[in-house]
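Got a structure for you, written out below as structure tokens; questions coming shortly.
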Amino acid sequence: MRYAFYLGCATPVKALKYEISTRNLAKILGIELVDIPEFSCCGFPVKSMDSFAALLMAARNLAIAEEKGMDIIGVCTGCMAILSEAKEYLEDEKLRDKVNEKLKAIGAKEYTGRVKVKHFARFLYEDYRLDRIRDKIVTPLASLEFGIHYGCHYMKPTHAHGHFDDPSNPFTIDGLINITGAKTINYPNKNLCCGLTIMGTAEDISFRLAAEKLEYLSSRGVDAMVVACPSCCIAYENNQKLVGKRVGKEFNLPVLYFTQVIGLAMGLSEKDLGFEFNRIKADKITEKFK
Amino acid sequence: MYNEFFDREKLKYCYQCGKCSSGCDINRIDVSFQPHRLLHLISIGAADNLMEDAGLWKCTTCFTCSERCPQGIKVTEILWIARTIAVKAGHIPELLITQKDILLRTGRLIPMDNKKRGKAGLTAIQEESSVVARIFEIVEKEK
Amino acid sequence: MKKSLPKTIKDVEEVRIETDLLIIGGGNSGCFVAIEAKEKNPNLDVTIMEKAHIDRSGALAAGMDAINTYIGEGETPETIVAWSRAQVGGGPLREDLALNNAKILNECVESLEKWGVPFKKDEKGRYKKRGRFDISIHGEQLKPVIAEKTKSYNPRILNRVAATNLIKEGDRVVGAMGFGIRDGKFYVIKAKATVVSTGGAAGLYRSATNDGTTSHHQMWMNPFNVGTGYAMGIRAGAEFTLMEQRWCAARVKDFCGPVDTISVGYKAKMINAKEELILQTRYGHLGGDTAPRYIRANAPMSEWSEGRGPTFVDTRHLSPEQVKDLKIDYLNERPTYVLFLAARGQDPAKEPLEIYGSDPYIVGGHTASGYWVDAGRMATIPGLFAAGECAGGMPNKFVGGCAAEGVLAARGASKYISSVGHGTLNEDQIAAEKERVFSPLLRGSSMEAKYNIPAGQDPRWQYDGVTPEEMEERFQRLMDEYAGGVGQFFKFNEEQLNYALKHIKMMRDQVNRLFATDLHDLVLVHDVIDRLDVAEVVVMHLRERRETRWPGWQTRTDYPAVDPNLDCFINSRKNLKTGEIEMFKRPYEQILPGDRTKAPSPIPLSAEKA
Amino acid sequence: MKIGIYLCTCEGEIEKVIDIDSLVKEASGWSGITDVHKDAFLCSEDGIRKIRKDVESSGLERVLIAACSPFFKMEEFSDLGLNKYLVERVNIREQCSRAHRNDPENATKKTKAMLRIFLEKAKYSQPLQPLQLPSLRSALVIGGGVAGINASIDIAETGNEVFLIEKNPFLGGKVAGFHKYFPRMCPPSCGLELMFSKIKSNPNVHVLTSSEIDTISGSPCNFEIFIKTSPRHIDMDKCVLCGKCLEVCPHNAIVYPEGFSYPCIPAINKGLCAVDCNKCVAVCPVDAIDLDEEGKATNIKVGAIVLATGWEPFDPTPLAEFGYGRLENVVTNIEFEKISKEKKISFEEPKKVAFIQCVGSRDERHLPYCSDVCCMVSIKQALFLKEVNPDNEVYIFYNDIRTPGEYEELYQKARRRGTIFIKGIPSELKQDEPQKINFSVFDTVAGKRLDITTDMVVLATGIKPSQGTIDLKEKIGIVLNKNNFVESHIQCYPQDTQRNAVFSAGCCRAPMDVSRSIESAGAAAIKTLQFFNNCTEITPDNPAVNILKCDVCKRCIEECPFKAYSFDEKGFPKSDIMKCRRCGVCMGGCPLAAISLGGLSIEQLSVMLDVFDRSYLGEDEPLILGFLCKNDAYRAVDDAALKGITYPPNFFGIMVPCAGAVNGAIIAKAISTGIDGVLIAGCPDNQCHYIHGSTLAKARLTDISNKLKEMYLEPERVRFISIGRDDPEKFADSIEEYVEELKKMGRNPLRL
Amino acid sequence: MPPYVVKDKCDGCKGKEEPLCEQICIGDLMTLDMNTGKAYCRSLRDCWDCMSCTKICPKGAIEQRIPYQLGYHGAKLIPMMGTDSITWTCVDINGKVERFTYRTRNKK
């Protein structure tokens, strides 16, 4: 099981705990994640400036993986959505030729459309499969309860993601977490967007969006919010204080990556899961499994 | 531009049921943001008035509207394209300018910090800094 | 869906048909047999067994630009026969056959026009003459027209069924067997009378233009006429005549297309490298341009062998209109010759067209090789008839003559049918034939299982056996080098022939190593087997005629002169007990008086004079 | 051969432009012409009498009528005393004198050319005698809903036999389950009961419930149908409707009729029974129950078929955002009918109910069409709620309210009664507290966002074609459109299917309400009767395959729009005289040009080209040979003339049944023999009367123009234009520019 | 002299069994590729260049070429079959175009 590991921009700088936990989790699951230094930005930020440039950037990354003969596994839902979307657009041959000609011009490989793109969570759910994860559980996380935040781009746009999961009622990450024995709650604004993408252009809306979910989950008293995307994590964890201030509340809701939770159940150490980087300490949780 | 490959035809089919706005969380918080109105304005060719419209930059691209549009209009995509048009018309939010600048310099949105990674025991990553710049060069040449 | 191949002989389905008249080969003459038979007796049950599809099968597949034998004004059946006799150096030939053919020749030709083939006309509205007995037509649709006429009589037509052997009861032929090239079934057809009209035998020799890769079949005669008709007769013990009279012709070099079109049709003279008029300078005593065919055929090759090649037909006098007509003629007969000229960027009006010898063919419609038949075209085995190129003894039939042969065979056969009932089949013979026919296929399918061939490789070259292509190439090379092929300027001697015979026998011992991996392959296998059988007889005949009567057609370096004692038919018959080919002679009977080597000039027409 | 040519001056109109006399002189010189006659008024009784007289006295074998378009005066010229296939109409009025009124000289030249050509055509035409194949005067009606029932009644009451088959145990279809139906708001019972009584009383109607089509063979006029009937397990004659079985059955396997049902006898759904439970058998006082009853097969023969296979409600589950099946009190309009009928929920004490329109309908991912009835249904149900208790709060969230015609009244009524109509569709339904549904919707009119909480949400789900229709597609050989409704020429022949003698009624053709279903049932019945009466005479002018040429490549079988081809005993393709619609698409497609229509043979087209004077306008004028499809293009060309539109005389039109009937070999010959341009004018793709005729024509033409390209000729020399019947201007314009282009191209190098 | 089938033109004669070129070929050389549904020549070396397949192909999908050993590349010969006429277009290696049209059947 060898895959091109697509880190993206945020993870390797702003979500070290995500990267660390992912790498270690992959290790014990026997999944080889190969680092590809040639990878560049997926194109998401550029999409608002020049859609074709964005497409080129995505295509380039796809081409690189294809040339290395590996499918892509990523951890950032945004990157995965953009790459998948690009894949879909590039099924149009006319467009693909146009793109390849440009790729040639910048000395990149041509993309023929063979490479697959999957978010790590999706990969675990679809390809690695739950039962095999279950086998590796050593410390069931019964007694824990989480609220999952999927992140819009995890399964949307559905056509780009091959209609994986159900946008109005997502369940796959719940599945992954439940495997560990932990409970997950189904809550009204489960599908609410974290709002990070507009933090720079419409900060107020962005914060209010974040606040809504934080408020609700706090009120439900879950042990933590579980996320699958560095951006969402930034919105809910890094910004938690700011958001609180904006709506005049004090939040103290730990935000964990699904990889950390699963890792925990598989007996990985806090260090291996980068708990040290949790800005809102999840000690309550870790205590239980000391 | 690949919106030439994007099915604009669909846009004409919008019959203003408003489902996009109904389901939009931004609209819930800031009622001035109304996807169905954006679509309408674009489809009647009154897009220019949109350019200054801050609404363009309020969408989080959560795709809820696209998913639920009965006419299968890729609302989010259209909004994205509207943005690029605005940008070309020179209505660029501060943030974008800085972002573009960083991208051109480093090839990534958030510059690499290998020192930090080192501390965390993660291997350093050599960044492909020039890619984005090269791509933009090409695309600019296009026009 | 394509047919799945049999694994054992039991898997082979059998089709049994009972018919009055079985026609093997639905080409020109075959169709005429059917038409005539049905015309005379609509209730007669007629079956045509055709290896290809009668819409486009036989030598006319590509079309035809002329009818080479038509008795125009001022000519008579006698004059055409005498002319034909002179064309083969005075014979020997069966004048009796020639005469009764000539009597019905014109009606056959004219019927073609009635059925829809456009004939060129002269200003007087008569058929446009091109040579003395030659008339021009637009024969692109010639075969389809004949086929449609045939179908209109609604005979039983078995397209894509290849005949493999005749069924015999005692010494009578009571039908024939074959296999379906599409359905893979074994056909046993019981017939009161059987007509063989499979055309001549091409591919006995390697073609001078054969470069192996894509030009293997770059030859003049239809390469799918492999002489099955002769082979079946030989194997059945029928008597054959003049099989040594090979048709070697002067042909357009590197294309091997017909030359009469140009030399006869457009009065283009043969010249050599030195621009000498070959026929005039060297064969004036034999009549120059009107010299016998074999002379005209051999002339270019002897020029080459004597170092005066290359040789041409000089077309430089042609006007643009004539060139266009010339090309149209070719488009009607061998369209790709026009493509060939284009591929050489050649304009006949500027450069002469190069000519060269063709590989030798056994084609009884042109020379007189073939079955020894009686006036009703019945062979020496009762119940078996020969038509078109199969019927021997009479040269220069061509399209019209072969059509007439068909009519005559049909009449002969009908008469015979009315006098006999159905024979009874010998099941052992049938079982044995079925085995013989399909065993190559069974060998092939067994080998598919036996070997593991990496994808992308043609397995056939790796199996432990012989592919028909391999044997065909080996055999054609043998014939070319040792039995006077074009590569040897048609020359041979006793020793070479013996060598050829020895190796033909060796190859015949190898035929049980031939294998086929599909039904198409199976056709090739039986093609090469039949060719071997014909070749053996041909070589025997060549050896038996210890003289040189028709230089080119038959040039013996060890007996360079004509031997008056051999002014007779040389015939052969396979001894079915010993399996040996037995040779013997039959006398030549002259019917038309006069010098056999001279063609009488046409009766001058008062109309023409005025 | 004796031929008479009759030129009409149309009371001088034609003669104003065309020099008829010179033509008369000219034509009398032609070989085979025994009679050339000029008449001022050919279609008058005298005119006709004159022709008939000549035919009789001088024994004419062919007659040419050079006058107006063949679409005029059909009756008058239909019987001239010789087989009508031997009469040739030459359209010199619409296509010459009117079209070229501004250019008399050339108009006359063109007329002459036309006469020559159609004369030649006439020489090669064959007389055809109509066959007598009367139709069985019995019909099969498939589907026992309102449409089916009414079609049956109408056919039966005009004295014909009808077999009405229904796959459920009872007639009445969906309507039987409704509470009320609009516009009159009466309960289904009243309407249905009336219909049922008509069925019961009419011996011509044979009802087969619990029955389905097994196979259909034969062809129009004489279909043979095998019907499978599954067992009812209850003896219709014995049962006394005591209802005991219903009480004892533990698995509610008893399908019990309602008061008005027909047949009013329960049925047992054995699928639900437990093995040897037999309670019902035990309890039945008249032992009418036989659980071992076998199904039976029936074999009937009918002349025509009426499809009334109806519809199915759309299942909104895929629209997950509406939470159907997930949230309480979110129901479909169908379910609401049941609720209101069976009073499952009382609306006595006021409730708040929201209707959401266009759920699934007008949604390209589900039902891309408007389901036609949902607006009315919601209004009806709104009114019901207001009736029960005016204080019920009713919201209808809509895109567009569609209440055509008088239905507007109900719309107004609903508004009067205080129903609240809001333009705007909610995006997601939630359930924050049990039993309540809350959602927010953007009111696009108010530009405001409303947050609403209701007791119930009714999803106005649409109508989708029934599975039954789809299952019958292959069996009957009908064509369904992209949405799986029965394909028909919706505009002119809505009741006709693409197969002869098969008609459609009700929702299997398109979504429609009860009253329109009943209308369409009546129409289908009329169509059936017409068929019974008209198809007593069939002319064998369907395409014939020349088996001397045919190589059985099967292309005709593949391309025939009506699947009319099958193999004859000798293994050659043969068109079924009944299935065939004479479009000639096979004739156009045959690679060996071996197929000919009775009225227009390949040979005729070929010889017409032989006598076509390539330079009737002089050497330098380009020449366009046009093949005009009879349904649209040819009419459009006629209309051009009527509207006084003129076009260059370089164009020369021949009528073909369909653009698809023009064979490549003909076009090849035309180009080979020096015609400068070949034009095929057909219907716009989606309007082709023969489904894909013009599409195929276009494709074939493309092949030819590609070939011309390879031959270093201008590919534009052949072209396809689609002309609507009502678009003569387009035709004239395209000819104008075509001629110009051809002039630029220069003359066809193949012209001798 | 091999026939070459132009893939995007050939439609396998739609019959899904035996395309016309396969029916007509005197050498049993043309056949249908069951995977692509398109015709091809199973043995280029064995073709006798009678052009029956080229003439009969309704899609004009078959090209004849001269074996390179014998003639140079780039020449073309294209038949166009009318009901009772044929038109040949010949292009030589220098791009010179010649056309020939004539009747192939008498008028009945």
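Values below: all heavy atoms of this structure, side chains included; hydrogens, waters and symmetry mates excluded.
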Discussion item. Does R279(A), at its CZ atom, have more than 12 non-hydrogen atoms belonging to other residues, nucleotides or ligands within less than 6.0 Å?
Written reply: no
Discussion item. Among T158(A), L192(A), L103(A), V46(A), which residue has the highest count of heavy-atom pairs closer than 4.5 Å to chain B?
Written reply: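 Between T158(A), L192(A), L103(A), V46(A), the count favours T158(A).
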Worksheet, complete the sentence: On a heavy-atom basis, the closest approach of T201(A) and P93(B) is CG2-CB, 4.1 Å
Discussion item. With a 4.5 angstrom heavy-atom cut-off, is it the side chain or the backbone of D30(B) that approaches chain A, or both, or neither?
Written reply: side chain
Worksheet item: For chain B, which of K102(A), R208(A), E276(A) has the most heavy-atom pairs under 4.5 Å?
Response: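 Top option by heavy-atom pairs under 4.5 Å: K102(A).
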Worksheet item: With only heavy atoms counted, which part of S66(B) is less than 4.5 Å from chain A, the side chain, the backbone, both or neither?
Response: neither
Worksheet item: CG of L122(B) to CG of L7(A): how many Å apart, nearest 0.5 Å?
Response: 9.0 Å
Item to complete: Could you tell me which of T64(B), L109(B), I26(B), D25(B) has the largest number of non-hydrogen atom pairs under 4.5 Å with chain A?
Response: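 Most pairs with chain A among the choices: L109(B).
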Discussion item. Donor-acceptor pair, distance only, cut-off 3.5 Å: does the side chain of K156(A) make one with the backbone of C62(B)?
Written reply: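 A pair under 3.5 Å: yes.
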Practice prompt. For each of E137(B), R134(B), E94(B), R117(B), tally heavy-atom pairs with chain A at distances under 4.5 Å, and name the one with the top tally.
Written response: R117(B)
Item to complete: Would you check, one step at a time, whether the test side-chain contact (heavy atoms from CB on, under 4.5 Å) holds for M112(B) with V13(A)?
Response: CA-CA 6 Å; M112(B) 186 51 65; V13(A) 191; 4.3 Å; yes
Discussion item. At a heavy-atom distance under 4.5 Å, which candidate from G274(A), P167(A), G200(A), P157(A) has the highest pair count against chain B?
Written reply: P157(A)
Discussion item. Looking at every heavy atom in both P12(A) and I125(B), which two are closest together, and how far apart are they?
Written reply: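 Distance-wise, the nearest heavy atoms are CB-CD1, 4.2 Å.
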Worksheet item: F39(A) versus chain B, heavy atoms under 4.5 Å apart: side chain, backbone, both or neither?
Response: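 For F39(A), backbone heavy atoms alone lie under 4.5 Å from chain B.
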Worksheet item: Between R68(B), E67(B), K58(B), which residue shows the highest count of heavy-atom pairs closer than 4.5 Å to chain A?
Response: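 Winner by heavy-atom pair count: E67(B).
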Fill in: Approximate separation, where rounding is to 0.5 Å, of T60(B) OG1 and M199(A) CE
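Answer for the OG1-CE pair, T60(B) versus M199(A), is 13.5 Å.
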Worksheet entry | Atom of T61(B), atom of F44(A) and distance for their closest heavy-atom approach |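 Answer, listing the atom of T61(B) first, then F44(A): OG1-CZ, 4.0 Å.
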Discussion item. Counting heavy-atom pairs under 4.5 Å with chain A, which one of D113(B), V131(B), T106(B) comes out on top?
Written reply: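 The answer is V131(B).
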Discussion item. Please rank P37(A), G43(A), A81(A) by heavy-atom pairs under 4.5 Å with chain B and give me the top one.
Written reply: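 Top option by heavy-atom pairs under 4.5 Å: P37(A).
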Worksheet item: Is there side-chain contact between V87(B) and D50(A), with at least one heavy-atom pair below 4.5 Å?
Response: no
Practice prompt. Identify which of S40(A), S48(A), C41(A) forms the greatest number of heavy-atom pairs closer than 4.5 Å to chain B.
Written response: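 Of S40(A), S48(A), C41(A), S48(A) has the most heavy-atom pairs under 4.5 Å with chain B.
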Fill in: From I138(B) atom CD1 to F52(A) atom CZ, the distance as rounded to the nearest 0.5 Å
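Rounded to the nearest 0.5 Å, the CD1-CZ separation comes to 9.5 Å.
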Item to complete: Calculate, to the nearest 0.5 Å, the distance between atoms CZ and CG belonging to R28(B) and N189(A) respectively.
Response: 7.5 Å
Item to complete: Starting at CZ of F136(B), measure out to CD1 of I106(A) and round the result to the nearest 0.5 Å.
Response: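 Here the rounded value is 12.0 Å.
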Practice prompt. Among L103(B), L95(B), L96(B), find the one that has a side chain to side chain contact (heavy atoms under 4.5 Å, CB included) with P45(A).
Written response: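 When L103(B), L95(B), L96(B) are each tested with P45(A), the side chain to side chain contact (heavy atoms under 4.5 Å, CB included) holds only for L103(B).
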Fill in: K14(A) to K116(B) - nearest heavy-atom pair and separation
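Smallest interatomic distance, heavy atoms only, reads CA-NZ, 4.3 Å.
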Fill in: Over all atoms of both residues, closest heavy-atom pair of W57(B) and A202(A)
O-CB, 4.3 Å
Fill in: Electrostatic pair K74(B):E85(A) at N-O distance under 4.0 angstrom
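Between E85(A) and K74(B) there is no salt bridge, as every charged N stays at least 4.0 Å from the carboxylate O atoms.
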